[in-house]
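Each remark here refers to the structure printed beneath this line.
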Amino acid sequence: QVQVAESGGTLVQAGDSLRLSCVASGRTFTFIRWAIGWFRQAPGKEREFVAVLAPNGGLTNYADSVKGRFTIYRDNTRNTVDLQMNSLKPEDTAVYYCAATPNGGDWSRERAYDSWGLGTLVTVSS
């Protein structure tokens, strides 16, 4: 069993920056060998892909809506995968979820992931 937890959500103003963190732990979890994805769910909408960091500190992929504004990266000193969000917009308001998987596949799809956090709320005011 792998436990995943997010932190960092809060209320910010449009144009602000915010960093979310994802931490994972468990007997079978090897930090660098799992893909870590971020998803979000806005009020009244389905959960959607935001970003993913591939295993072994490699490739990243982003949703078009956040490209150029969000950056996903691994912080080896804190053992977290962080989502740096800049130039936030009201439409970024959502509950942000972190997910982890040791498997390959389409990491932009929810079904690719085995373990999920409970989410952290980001609210961007205009």
Side-chain angles (χ1 to χ4, degrees):
Q1 186 80 12
V2 172
Q3 293 78 43
V4 179
E6 311 87 345
S7 63
T10 189
L11 171 65
V12 297
Q13 293 188 334
D16 284 353
S17 296
L18 186 65
R19 184 184 71 184
L20 304 181
S21 292
C22 174
V23 60
S25 62
R27 187 174 62 83
T28 61
F29 181 74
T30 306
F31 186 55
I32 202 169
R33 294 182 181 174
W34 285 48
I36 305 294
W38 282 95
F39 289 75
R40 67 185 182 185
Q41 187 167 21
K45 296 188 177 181
E46 293 187 351
R47 191 154 56 183
E48 65 176 4
F49 169 74
V50 175
V52 62
L53 177 65
N56 299 314
L59 300 176
T60 59
N61 190 29
Y62 298 91
D64 288 343
S65 59
V66 306
K67 269 180 192 173
R69 300 188 299 122
F70 290 13
T71 303
I72 187 171
Y73 63 96
R74 199 182 306 274
D75 187 328
N76 291 319
T77 61
R78 294 166 55 238
N79 270 352
T80 61
V81 173
D82 292 352
L83 185 68
Q84 177 65 41
M85 306 186 294
N86 298 330
S87 303
L88 282 162
K89 306 175 182 179
E91 51 264 44
D92 294 318
T93 294
V95 176
Y96 283 73
Y97 297 89
C98 179
T101 181
N103 303 316
D106 185 351
W107 291 319
S108 68
R109 299 293 184 97
E110 291 183 50
R111 62 172 179 257
Y113 295 88
D114 305 307
S115 303
W116 289 81
L118 297 179
T120 186
L121 176 62
V122 174
T123 304
V124 184
S125 65
S126 57

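Computed from heavy atoms alone, side chains included, the values below leave out hydrogens, waters and symmetry copies.
- Hydrophobic cluster membership is shared by L88 and V66, with clusters built from Ile, Leu, Val, Met, Phe, Trp and Tyr side chains linked at under 4.5 angstrom.
- Of all non-hydrogen atoms in V81 and R74, the two that sit nearest each other are CG2-NH1, 4.0 Å.
- The two residues S17 and N86 come nearest to each other via the heavy atoms OG-OD1, 2.9 Å.
- Residue pairs meeting the salt bridge (charged side-chain N to carboxylate O under 4.0 Å, His left out) criterion with at least one partner in residues 117-126, sequence neighbours excluded, are absent.
- Under the side chain to side chain donor-acceptor pair (under 3.5 Å) criterion, T60 pairs with no residue, sequence neighbours left out.
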Check: residues 40-51 side-chain donor-acceptor pairs under 3.5 Å, at least two apart:
unit_1	atom_1	unit_2	atom_2	d
R40	NE	E48	OE2	2.7
R40	NH1	D92	OD1	2.9
R40	NH1	Y96	OH	2.9
R40	NH2	E48	OE2	3.2
R40	NH2	S65	OG	3.4
Q41	NE2	K45	O	3.0
R47	NE	E110	OE1	3.1
R47	NH2	E110	OE1	3.0

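- Not counting sequence neighbours, E91 has no partner by the side chain to side chain donor-acceptor pair (under 3.5 Å) test.
- Under the side chain to side chain donor-acceptor pair (under 3.5 Å) criterion, N61 pairs with no residue, sequence neighbours left out.
- In the hydrophobic cluster analysis, where Ile, Leu, Val, Met, Phe, Trp and Tyr join through side-chain heavy atoms closer than 4.5 angstrom, I72 is grouped together with F70.
- Judged as a side chain to side chain donor-acceptor pair (under 3.5 Å), and not counting sequence neighbours, N76 has no contacts.
- In terms of heavy-atom proximity, Y97 sits nearest to E6 at CA-OE2, 3.4 Å.
- Both M85 and Y62 are members of a single hydrophobic cluster when ILVMFWY side chains are connected at heavy-atom separations under 4.5 Å.
- Taking hydrophobic clusters as Ile, Leu, Val, Met, Phe, Trp and Tyr residues chained together by side-chain heavy-atom distances below 4.5 Å, Y113 does not share a cluster with V2.
- The cluster map of Ile, Leu, Val, Met, Phe, Trp and Tyr, joined by side-chain heavy atoms under 4.5 Å apart, puts L53 and F39 in different clusters.
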Between side-chain atoms of residues 115-126 and protein atoms elsewhere (two or more places apart, or another chain), which donor-acceptor pairs fall under 3.5 Å?
unit_1	atom_1	unit_2	atom_2	d
T120	OG1	G9	N	3.0
S125	OG	V12	O	3.3

Below 3.5 Å, can you tabulate the donor-acceptor pairs from side chains in residues 18-37 to any protein atom, sequence neighbours excluded?
unit_1	atom_1	unit_2	atom_2	d
S21	OG	R78	NH2	2.9
S21	OG	D82	OD1	2.9

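- Residues forming a salt bridge (Lys or Arg N to Asp or Glu O under 4.0 Å) with K67 (at least two apart in sequence, or on another chain): D64.
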